[in-house]
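A quick write-up on the structure given underneath.
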Amino acid sequence: MPTVEADPGPFSFAPESTALLVIDMQRDFLLPGGFGESLGNDVAQLRCTIEPLTALLAAGRAAGLKIIHTREGHLPDLSDCPPAKLRRGPMIGKEGPFGRILIRGEYGHDIIDELRPEAGEPVVDKPGKGAFYATDLSKILDNDGIKSLIVTGVTTEVCVHTTVREANDRGYECLVIKDCVGSYFPEFQRVGLRMIAAQGGIFGWVADSPAVIAALQE
Ligand code: C5J
């Protein structure tokens with residue numbers, strides 16, 4: 001069974017029951033000139049994940065891992081966007097440089113070209129930060145007997161963290177890939193990753209992508 005050197009200890013996984021989860025690698029969050037940048041964020045802090053994630057995806061596909069992508073966003077009429085979220089994110093649904101911000105079907109809502117899903121890879125649209133809330137993710141994982149998740153994407157302390165916490169409570173073993181998750185805030189990246197593996201791995205494990213790629217290729 002492939003085993004990866006990780007924090008707080010070795011992480012072993014069976015490829016046939018492991019999914020590689022790619023969270024919210026969307027243009028609205030990652031493109032220069034987009035929604036994320038318009039909030040004053042430095043998108044370079046997220047864009048540094050693209051290259052390692054491209055390599056990890058290639059290795060995951062070659063090893064036969066199930067690949068699942070997610071996108072955060074809402075229906076055009078915003079009926080699935082809680083008023084409380086809209087009050088604190090008033091730009092959601094407004095016209096931006098890449099279409100209506102975080103609205104399904106708009107250019108900015110979709111996944112960046114570099115990480116475009118391949119045919120047959122599920123794309124889970126989620127209205128919340130967690131990938132389990134109000135989605136079919138549990139069913140998709142159950143149907144394929146998935147027990148372990150290799151977690152990547154953005155942002156580390158928001159959608160990645162929420163999803164890992166949801167997954168951990170549902171009994172999945174989560175390995176978070178440190179160079180394949182990104183935050184606009186270096187401090188949140190550092191502390192977010194520490195929080196996953198603290199206290200003996202309270203939410204899961206943390207490792208580098210080269211270690212996972214090497215394990216997949218053994
Ligand atoms: C945020 C996300 N940060 N995908 N979304 O609002 O983490």
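Counting starts at 1 for both ligands and their atoms, following the listed order.
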Quick one: which of Asp24, Asp28, Asp125 gives a salt bridge (charged side-chain N to carboxylate O under 4.0 Å, His left out) with Arg71? Asp125
Side chain, backbone, both or neither: the part of Gln26 lying under 4.0 Å from ligand 1 by heavy atom: neither
For ligand 1, indicate whether the residue Val160 contacts it via side chain, backbone, both or neither (heavy-atom separation under 4.0 Å). neither
Nearest protein heavy atom with distance in Å, relative to [atom]:
{"atom": "atom 6 (O) of ligand 1", "result": "Lys129 NZ, 3.0 Å"}
{"atom": "atom 2 (C) of ligand 1", "result": "Cys159 SG, 2.8 Å"}
{"atom": "atom 3 (N) of ligand 1", "result": "Thr155 OG1, 3.3 Å"}
{"atom": "atom 5 (N) of ligand 1", "result": "Glu72 OE1, 2.9 Å"}

By ring pair (Phe, Tyr, Trp, His ring centres under 6.0 Å) - contacts of Phe188 (at least two apart): Phe185
Can you say whether the rings of Phe35 and Phe29 are parallel (under 30°), tilted (30 to 60°) or perpendicular (over 60°)? tilted
Is there any N or O on Val154 that sits under 3.5 Å from an N or O of ligand 1? yes
Determine, using the 4.5 Å side-chain heavy-atom cutoff (strictly less than), whether Phe203 and Tyr172 are members of one ILVMFWY cluster. yes
I need the atoms of ligand 1 closer than 4.0 Å to a non-hydrogen atom of [X], numbered in the order shown.
{"X": "Asp24", "answer": "2 (C), 4 (N)"}
{"X": "Val158", "answer": "1 (C), 3 (N), 7 (O)"}
{"X": "Phe29", "answer": "4 (N), 5 (N)"}

For Ser12 and Thr3, which I'm curious about, is there any donor-acceptor pair between the side chains at under 3.5 Å? yes
Regarding Thr156 and Gln189, do their side chains bring together a donor and an acceptor under 3.5 Å, going by distance alone? yes
Answer yes or no: is there an ion pair linking Glu121 with Arg116, defined by an N-O contact shorter than 4.0 Å? no
